[in-house]
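Written out below as structure tokens is the structure these notes cover.
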There are 2 protein chains.
Amino acid sequence: MEPAGGGRDGAVESMVGIKDVARQAGVSVGTVSNVINRPDLVSEETRTRVQSVISKLGYIRSESARQLRAGASRIVALLVLDMGNPFFVDVAKGAERAARQSRLGVMVCNSAQSTSEEVEYLSLFAEQRVRGVLITPADPTGQSLEALRRQRIPYVLVDRVSADAAACSVSVDDVAGGRLAAHHLIAAGHASLVYVGGPRDLPQVRDRRAGALAALEEAGLPAGALTEITADRLDVAAGRDAGARLLGLAPRPTAVFCANDLLALGVLQAVFAARISVPEQMAIVGYDDIEFAAAAAVPLTSVRQPAVAMGKLAAEMLLEETSGDADAHEHRQVVLQPELVVRGSSLTPR
Amino acid sequence: MEPAGGGRDGAVESMVGIKDVARQAGVSVGTVSNVINRPDLVSEETRTRVQSVISKLGYIRSESARQLRAGASRIVALLVLDMGNPFFVDVAKGAERAARQSRLGVMVCNSAQSTSEEVEYLSLFAEQRVRGVLITPADPTGQSLEALRRQRIPYVLVDRVSADAAACSVSVDDVAGGRLAAHHLIAAGHASLVYVGGPRDLPQVRDRRAGALAALEEAGLPAGALTEITADRLDVAAGRDAGARLLGLAPRPTAVFCANDLLALGVLQAVFAARISVPEQMAIVGYDDIEFAAAAAVPLTSVRQPAVAMGKLAAEMLLEETSGDADAHEHRQVVLQPELVVRGSSLTPR
DNA sequence: TGACGTGCGTGAATCGATTCATGACAGCTG
DNA sequence: CAGCTGTCATGAATCGATTCACGCACGTCA
């Protein structure tokens, strides 16, 4: 295209490397590297001269080369279950924030709850020699984690507790969250409630239910006071289905606790379509406190998870693990506490 | 460290490289490389032997080294304006899908509409020598794009039209979308309507308004039939504010068209709180058709953008550009068509 | 004056894979 | 048998940065 260096600056030919800088500045490549990485080893004069050449040529150092020597890259991977769920978007925000403070990038990927996609991504991460992985595993057997361990890739579990303490983890106390929600409904005068759950193999779903049962027991109510509806996924459409089933129950329930906000929004929609007023005739509580919970036609009471904090903390723990000696590191299991946010969907009628 | 291959597998010491494979298999490193990259150059026998050593040692090739020679990495960057907007999440899904078919990874990052964050990310991408960048620019001056061009990083604009045709772009015809929405409301009998827009410098906001005006004109209505309310951001909270202002208008509007679904949800919530029934007393149309639009208490009529297709197409165009000769490539401006999805929030009363 | 320390810079080795010119060897032909 | 072709494998050069042992110049002190 362009004849021969006709352009304004020298950027016509491929990429300017450290050697070009060294030549222009009349120093060795080692010195240029020192200017960049250990400026205190270089004399004031040389340093400024090299710096100016760097900016004149628009030199950008190659991460590939740097990481080839260093052994690990400056990228942290985040593998979540569902990018469509605002909860995980918040986790990603937190992780990104923490990573950027160390000038690291975050590669956010979506396993969409599929074990095979998870495996595929993990192998991509291994090839990239990522600094570490933040993961909410989709694979219930734990083989994915086993693979990470074998390949000596540091990882931190997000929204999961590490069963065998073989890694760090950051999670939220789902039993406590379930208890908060159920306790709130019971205190409002409801003597029985419905739990709209999801796939049985999700720890979250089980724990939140366990918390609700605990709250019933504390209130002296029988376990039979909890009716259960099982959705097959944790999204809005599944919530609508669950809502329909809910309305078929007799006597009609007055209080519903959903395993997540997407389900709750679906339920709310079904209930609203049936012209049943919320919260007067039916109280609804969700879980996660996503932005859309507050934005629903009837703002949704929900159990807030510190999602951003969780992502941030997870990333920080990963950085901590990968910066010091690997041997000196002790795995930690951090469990954060959820918080009830009361809104219109569950206010006591009077 | 290790005396002489004493462990179960060799994985105890650091990382197994191509040299280890070569030694074990009794061939040269060049041959191992050929087995991986050009298997047809290697005899059946050697190939299987090397393959088996590879899997026995659990060899994983280093992307850093590979890309050092190749010059570019196997990562595509996606820089969006707002990760919290499900629209961009869908774009990301599409891009990811296309990228994975070529065994590329996507690094999704969030500029949060901040020019400075955008700049920071772009420099990270440059250091990483990413294969290319998919970007919805936050910087209105175009300097970010200028920098990309100077550094010879291929990029594709997403949800924007390239003004000077200096790059590929994939966008949706926002004027047509605005026209669709307004036409729908006019056809339902509304003789005037309100446009809830956002920041003036966003092309989307302007174009959708222009489309609405065009529809008015086509229907023989005066331009004054369009009242405008300007939100300062494009999120739910801003929508609530706009809704409050909307309700203060006299006479009360009967039809509202919002520049995006987040705004529309906010408006819907404000309107609902004021006990005004939708769509009987007020019709509302949004834009983007995010999942939560259908999930609203009154399902939201919205202009659907082919977000997933857009992300997919953008990624494919980028791959096309980066795989062939850069010189042979001709930049294309693809404009997709939006589609009206009619739901409860705007059904004609009778 | 010679020994020594210090401050600054050099240049070669290195990371792990790719690529290509070269060579070894087998099989075929005239 | 010499000459030629084609198939495979080799090993060295290369990508761009980091790192470290070394050397040079200068100053200080005994």
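By convention in this document, chain letters (A, B, ...) are assigned in the order of the sequence lines, proteins followed by strands, and residues within each chain are numbered from 1. Worth knowing before you read on, the calculation uses all heavy atoms, side chains too, and leaves out hydrogens, waters and symmetry mates.
Taking both residues in full, the closest heavy atoms of A:V161 and A:S171 are given as CG2-OG, 3.4 Å, listed atom of the first, atom of the second, then distance.
Salt-bridge check for B:E44 with B:R49: failed, with every basic side-chain N at 4.0 Å or more from each acidic carboxylate O. For B:R129 and A:E63, the salt-bridge test fails: no basic side-chain N is under 4.0 Å from an acidic carboxylate O.
Under 4.0 angstrom from either OP1 or OP2 of C:dT18 there lies at least one side-chain N or O belonging to B:S33. Checking the phosphate oxygens (OP1, OP2) of D:dC15, no side-chain nitrogen or oxygen of A:S62 falls inside 4.0 Å. When the side-chain nitrogen and oxygen atoms of A:Y59 are compared with OP1 and OP2 of D:dA17, one or more of them lie within a distance under 4.0 Å. Side-chain N/O atoms of A:T31 include one lying less than 4.0 angstrom from OP1 or OP2 on C:dT10.
When the P atom of C:dA17 is taken as reference, atom CZ of B:R23 falls 12 Å away, rounded to whole Å. Rounded to whole angstrom, the span from the CZ atom of B:R69 across to the P atom of D:dT14 amounts to 9 Å. Rounded to an integer number of Å, the gap from CD1 of A:I18 to P of D:dC15 is 14 Å. Atom CG of A:N34 is separated from atom P of D:dC22 by 17 Å (rounded to the nearest Å). Atom CD in A:E44 sits roughly 16 Å away from atom C1' in C:dG9 (whole-Å rounding). Summarising the geometry, the separation between NZ on B:K19 and C1' on D:dT10 is reported as 16 Å, rounded to the nearest angstrom. What separates CG of B:L41 from C1' of C:dC20 is a distance of 12 Å, to the nearest Å. Between the C1' atom of C:dT18 and the CD atom of B:E63 lies a distance of 12 Å, rounded to the nearest Å.
Counting any heavy atom pair closer than 4.0 Å across all strands shown, A:R61 reaches sugar-phosphate atoms only and no base atom. Nucleic acid contact for B:V32: none, since no nucleic acid atom lies under 4.0 Å from a heavy atom of the residue. Looking at heavy-atom distances under 4.0 Å, A:G17 makes contact with sugar-phosphate atoms alone, never a base. Counting any heavy atom pair closer than 4.0 Å across all strands shown, B:V27 reaches sugar-phosphate atoms only and no base atom.
Candidate nucleotides D:dT18, D:dA9, C:dA17 were compared by shortest atom distance to the side chain of A:V29, and D:dT18 ranks first. Candidate nucleotides D:dT18, D:dA9, C:dT18 were compared by shortest atom distance to the side chain of B:T46, and D:dA9 ranks first.
Between A:L81 and A:F88, some side-chain heavy-atom pair lies under the 4.5 Å cut-off.
Along DNA chain D, the nucleotide closest to A:R38 and the one closest to B:G30 are compared, and the more 5′ of them pairs with B:G30.
B:K312 NZ: 12 or fewer foreign heavy atoms inside a 6.0 Å radius.
Side-chain atoms of A:R66 and base atoms of D:dT18 include no donor and acceptor less than 3.5 Å apart.
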